[in-house]
Amino acid sequence: MDRIIFHIDVNSAYLSWEAVYRLQHGSLTDLRTLSSAIGGDEKSRHGIILAKSEIAKKYGIKTGESLREAKSKCPEIMLIPPNYRLYMKCSNAFYEILCEYSSLVQRYSVDECFLDYTDSQALYGDPLEAAYSIKERVKKELGFTVNIGISSKKLLAKMASELEKPDKVHTIFEHEIKEKMWPLPIEELFMVGRRTAPKLRGLGIKTIGDLAKYDRELIRIHLKSFGEMIWNYANGIDSSTVKKEESIQKGIGNSTTISYDVTDRKEAHLVLLSLTEMVSMRLREADMLTKVISVSVKNFGFSTYSHQRKLPGPTDCTMVIYENVTQLFDQVWKGEPIRHLGVHLTDLCGKEFYQISIFDKNDRERQMQADRVMDALRKKYGNDTLVRSSFINSGIRPIRGGVGEDNYQMMSSLL
DNA sequence: TCTGGGGTCCTAGGACCC
DNA sequence: TCTGGGGTCCTAGGACCC
């Protein structure tokens, strides 16, 4: 039996949410009716466009381009810094509504969900009608529009929701693949990004249909298992299912572009400390331990390199992580000006596997206690409550990186 | 393209073991 | 060691998603 899958996607999510918020707080203009965009923030250096209005789109403004570029295309564009806390609230409200229509809803990202409608048909009737009613309900109750794609497969539902925007419902059932999906340029296929698209075009593949009809073995030779996967996608083959339970987090990381090029080792250490604070706080918040620590560096020439290390035992202690971070950095940094730094923790495990090693010093125990106290205070009074003395007068923010609380659902490239 | 920041997964090579 | 092959772990880098 075929399943019925919905993919629901908020139109220009960040911008819509900001617009709704402003209207609710007395603003007389709707951002969606102006040339406006969300992007950039206090650390101003080369911010990018995260979401844009339809009007801004008409000026040729694209998601991901620099603020400067956007301004050159439309000087009067209204730029608004992102407010992630608001987005979380809107995302939750959106998700709550969807949950009324099925017990099987997967949060795929802040602004996208998959919904398995198969067993809801008895209750809510025809899928297409249900989709329209969901769309209208979200619009009426929450004030923003969504696109809904319907199919028997997650991939096809996602492709359908991308068809024509905004405020639309589309289907791509298997018999419609040829007509609705194959004529699209190859770039539109899920998982075909800026590196793969030119390779495919080099093989004479211009549309999704071209890929679908291409020799499967030949594409495998060129692009290995990845090639096989996108060939399957082009043919509407996808056996993934809507997963309710959020998968356990695989890694936690924070990184930042510094507003000036850092050339001093001590200063780099300070930035790394601020990142380590955030990353390790999030790790403890998730009630997990890490076994692998990595540091990444992007230099003034935009080349990136990283260095990682597996720990002898798992930890969640800020100072243990920080010691490793500085050592890794010192080992890998070539001494050139630094533009961007990152700290990432992977190979996470739950605390149930942790046994205090006999080599752990009493010292460690005290540090971990200090972490717990700091977490509690910062949670209660804000992250600025406690600042390590090394940051005073440094001009560097003591804690940086986002996604502090609520750990919103992160997407994976897999369906 | 003067190019953010949060993720996931895959691949490839070298070390090491049997 | 003028030596084979398979498996696993570790590390670095690169692809993709939003």
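Just so it is clear, the structure is predicted and the values come from calculations on it, not from any experiment. Residue numbers start from 1 in every chain, and the chains themselves are labelled A, B, ... in the order their sequence lines are given, proteins ahead of strands.
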Need one value for [X]: base, sugar-phosphate or nothing, where a base atom within 4.0 Å counts as base even if backbone is also close, heavy atoms only.
X: T304(A); result: nothing
X: K224(A); result: sugar-phosphate
X: K291(A); result: nothing
X: K158(A); result: sugar-phosphate
X: S225(A); result: sugar-phosphate
X: G251(A); result: sugar-phosphate

- [ ] Report yes if some heavy atom in the side chain of E267(A) is under 4.5 Å from a heavy atom in the side chain of I258(A); otherwise report no.
- [x] no
Open item on the list: Contact between K62(A) and E69(A) at the side-chain level, heavy atoms closer than 4.5 Å - yes or no?
Closed with: no
Task: Nearest-Å distance once atom C1' is located in both dG4(B) and dA12(C) - done: 22 Å
Task: Rounded distance in Å between the P positions of dC18(C) and dT3(B) - done: 22 Å
Task: Heavy atoms of other groups near Y214(A) OH, more than 12 under 6.0 Å - done: yes
Between [X] and [Y], is there a side-chain N and carboxylate O pair less than 4.0 Å apart?
X: E54(A); Y: K165(A); answer: no
X: D264(A); Y: K266(A); answer: no
X: D330(A); Y: R265(A); answer: yes

Quick one: which of [options] gets closest to the side chain of [X]?
X: E69(A); options: dT1(B), dT3(B), dG6(B); answer: dT1(B)
X: T256(A); options: dG13(C), dG4(B), dG5(B); answer: dG5(B)
X: S255(A); options: dG6(B), dG4(B), dC2(B); answer: dG6(B)
X: T196(A); options: dA15(C), dC17(C), dG4(B); answer: dA15(C)
X: M191(A); options: dC17(C), dG4(B), dT3(B); answer: dC17(C)

Task: From CA spacing to verdict: salt bridge (Lys or Arg N to Asp or Glu O under 4.0 Å), D116(A), R3(A) - done: CA-CA 7 Å; D116(A) 189 324; R3(A) 304 203 74 80; 2.7 Å; yes
Measure all distances between protein nitrogen or oxygen atoms and nitrogen or oxygen atoms of nucleotides 7-11 of chain C, and list the pairs falling under 3.5 Å.
from	atom 1	to	atom 2	distance (Å)
dC10(C)	OP2	K310(A)	NZ	3.3
dT11(C)	OP2	K310(A)	N	3.3

Open item on the list: Wobble G-U and Watson-Crick pairs count when both distances are under 3.5 Å; given that, what is the 5' to 3' dot-bracket string of DNA chain B, with | for pairing to other strands?
Closed with: ....||||||||||||||
Task: Near-parallel close stack of F302(A) and dT3(B) base (under 5.5 Å, under 30°) - done: yes
- [ ] Test the K334(A)-Y305(A) pair against the cation-pi criterion, namely NZ or CZ under 6.0 angstrom from the six-membered ring centroid and within 45° of the ring axis.
- [x] yes
- [ ] Output, in order, the C-alpha distance, side-chain angles, deciding distance and verdict of ring-ring contact (aromatic ring centres under 6.0 Å, His included) for Y101(A) and Y117(A).
- [x] CA-CA 8 Å; Y101(A) 292 84; Y117(A) 191 74; 7.8 Å; no
